[in-house]
Undergrad: 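Structure provided below as structure tokens; questions to follow.
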Amino acid sequence: MNKVLVIVAHADDEAIGCGGTLLKHSDNGDKIQIIYMTNGISARNTLIQEKEQKEINKRLNAQQQACQLLNTDKFYNYDFPDNQMDQVPLINVTQAIEKVIDDFQPNMIYTHHGGDLNIDHRIVHQAVMTACRPQPNSTITTILTFEVNSSTEWSSTSIGDYFMPNYFIDISQLQTRKQQLLAYYQPEMRDFPHSRSIKAINILNQWRGNQVGLERAEAFMLIRKIV
Ligand SMILES: [Zn+2]
């Protein structure tokens, strides 16, 4: 049994980037925990307006439904400031992740690509890499980064390395269930042909599969593997 820890900036990143893969882990009886670093709506220490609170609640509700479908063992909601995680000392973000790693002792980590356009994604990647330093007795043997539509492909090489996947998970049989997962996050989705539309995510999964002779896949960069 694997102990899988997913660390994302926003609720919906996990569904877009590795939803099919997590469904597979869940089917295999693996234990999944997810850390959401921001509420995706507001900055911390600002007065939350009623409208904002409604949006936060809606997103929380979607997240809970997604976690239920994924049979998530536990999830954490941190309140780091949305789209402003660069305003927080990196050590605070790192320690928040380390705390969960200490408790859960995962062997697999899924997180953001370090070259994404979204600042929160990049900060989360840095903090995860710091929290997952390969020290003696670390339980972590696999670190994989995923792509998130309208952030990973919208970046440039002046921001960070381009996403070049070298690890593919076959999700050919999981299309309907991934679609269901994404449907919970409908308010975060845009209309096709926006790259952050359910149809575009589906097309990306088809293309990633086709790149390696499969019908559908989710693509990753393998950052570290210890066997
Ligand atoms: Zn995000």
Side-chain angles (χ1 to χ4, degrees), residues 1-37 63 66-78 80 90-116 120-148 152 161 163-174 177-178 181 205 208 212 214 217-227:
M1 185 193 77
N2 287 300
K3 288 170 94 177
V4 178
L5 180 62
V6 185
I7 304 143
V8 292
H10 316 107
D12 77 355
D13 290 331
E14 84 290 7
I16 298 170
C18 59
T21 300
L22 295 179
L23 285 164
K24 235 174 162 170
H25 277 300
S26 168
D27 290 349
N28 290 340
D30 294 339
K31 212 170 192 178
I32 301 170
Q33 294 197 359
I34 306 179
I35 309 177
Y36 300 95
M37 302 303 287
Q63 178 206 307
C67 283
Q68 204 167 1
L69 187 69
L70 291 169
N71 205 12
T72 305
D73 170 55
K74 201 170 182 182
F75 59 86
Y76 298 82
N77 289 306
Y78 285 123
F80 289 104
L90 188 66
I91 186 153
N92 295 9
V93 185
T94 304
Q95 283 173 346
I97 297 166
E98 280 173 343
K99 196 179 166 303
V100 178
I101 290 175
D102 283 349
D103 285 351
F104 184 39
Q105 304 272 303
N107 67 308
M108 294 191 76
I109 303 282
Y110 289 95
T111 194
H112 291 288
H113 172 59
D116 277 10
D120 297 344
H121 293 189
R122 296 206 299 277
I123 299 290
V124 168
H125 175 89
Q126 277 185 39
V128 168
M129 291 313 296
T130 312
C132 297
R133 297 182 300 285
Q135 308 186 73
N137 303 321
S138 166
T139 54
I140 299 159
T141 54
T142 306
I143 303 176
L144 290 157
T145 58
F146 49 74
E147 55 188 334
V148 175
T152 309
D161 286 340
F163 184 78
M164 285 288 286
N166 58 1
Y167 194 99
F168 297 81
I169 305 271
D170 184 356
I171 60 159
S172 304
Q173 308 303 319
L174 292 160
R177 286 163 74 205
K178 176 158 183 179
L181 207 52
N205 289 153
R208 290 308 191 192
V212 291
L214 297 169
E218 282 170 345
F220 302 86
M221 284 179 72
L222 179 62
I223 303 299
R224 182 185 303 145
K225 178 83 187 169
I226 305 172
V227 289

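Below, all heavy atoms of this structure are taken into account, side chains as well, without hydrogens, waters or symmetry copies.
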Undergrad: Would you confirm whether Lys3, through its side chain, and Phe104, through its main-chain N or O, come within 3.5 Å as a donor-acceptor pair?
TA: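 Side chain of Lys3 to backbone of Phe104: a pair is present.
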
Undergrad: I'd like to know if the side chain of His121 and the backbone of Glu147 have a donor-acceptor N/O pair within less than 3.5 Å.
TA: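 No, because the side chain of His121 does not come within donor-acceptor range (under 3.5 Å) of the backbone of Glu147.
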
Undergrad: Test side-chain contact (heavy atoms from CB on, under 4.5 Å) on Leu181 and Arg177 and set out the steps.
TA: CA-CA 6 Å; Leu181 207 52; Arg177 286 163 74 205; over 6 Å; no

Undergrad: Ring centres under 6.0 Å, that's the criterion: do His112 and Phe146 meet it?
TA: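 When the ring centroids of His112 and Phe146 are compared, they turn out to be within the sub-6.0 Å range.
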
Undergrad: Run the side chain to side chain donor-acceptor pair (under 3.5 Å) test against Asn2 and tell me which residues pass, sequence neighbours left out.
TA: Asp30, Asn107

Undergrad: Check whether any side-chain heavy atom of Met37 sits under 4.5 Å from a side-chain heavy atom of Ile97, and report yes or no.
TA: yes

Undergrad: Kindly indicate whether the side chain of Asn77, heavy atoms from C-beta on, has any atom under 4.5 Å from the side chain of Gln63.
TA: yes

Undergrad: State, with a plain yes or no, whether a side-chain heavy atom of Asp13 is found less than 4.5 Å away from one of Val124.
TA: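 No, their side chains stay 4.5 Å or more apart.
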
Undergrad: Answer whether the closest heavy-atom distance between the side chains of Ile35 and Leu5 falls below 4.5 Å.
TA: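 Yes, side chains in contact.
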
Undergrad: For residues 217-227, which side-chain N or O atoms pair as donor and acceptor with protein atoms under 3.5 Å away, sequence neighbours left out?
TA:
residue : atom : partner : partner atom : Å
Glu218  : OE1  : Gly20   : N            : 3.3
Glu218  : OE1  : Thr21   : N            : 2.8
Glu218  : OE1  : Thr21   : OG1          : 2.6
Glu218  : OE2  : Gly19   : N            : 3.2
Glu218  : OE2  : Gly20   : N            : 2.8
Glu218  : OE2  : Lys178  : NZ           : 2.7
Arg224  : NH1  : Cys132  : O            : 2.8
Lys225  : NZ   : Thr142  : OG1          : 3.0

Undergrad: Does Leu90 offer a backbone N or O that forms a donor-acceptor pair with the side chain of Thr94 under 3.5 Å?
TA: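 Checked: pair present.
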
Undergrad: Contact between Ile32 and Asp73 at the side-chain level, heavy atoms closer than 4.5 Å - yes or no?
TA: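 No; the side chains remain at least 4.5 Å from each other.
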
Undergrad: Is the shortest side-chain heavy-atom distance between Glu14 and Tyr110 below 4.5 Å?
TA: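 The answer is no, as the side chains (C-beta and beyond) never meet within the 4.5 Å cut-off.
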
Undergrad: For Thr111 and His125, indicate whether the former's side chain and the latter's backbone hold a donor-acceptor pair under 3.5 Å.
TA: no

Undergrad: Hey, does Val6 have a side-chain heavy atom less than 4.5 Å from the side chain of Thr72?
TA: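 No, side chains not in contact.
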
Undergrad: Give a yes or no on whether the backbone of Leu22 and the side-chain of Ser26 come within a donor-acceptor separation of less than 3.5 Å.
TA: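 No, Ser26 side chain to Leu22 backbone: no donor-acceptor pair under 3.5 Å.
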
Undergrad: Between Tyr76 and Val100, is there a donor-acceptor pair closer than 3.5 Å when you use the side chain of the first and the backbone of the second?
TA: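 Here the side-chain-to-backbone pair does not exist.
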
Undergrad: Are the side chains of Pro106 and Ile101 in contact, using a 4.5 Å heavy-atom criterion?
TA: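 SC-SC contact between Ile101 and Pro106 confirmed.
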
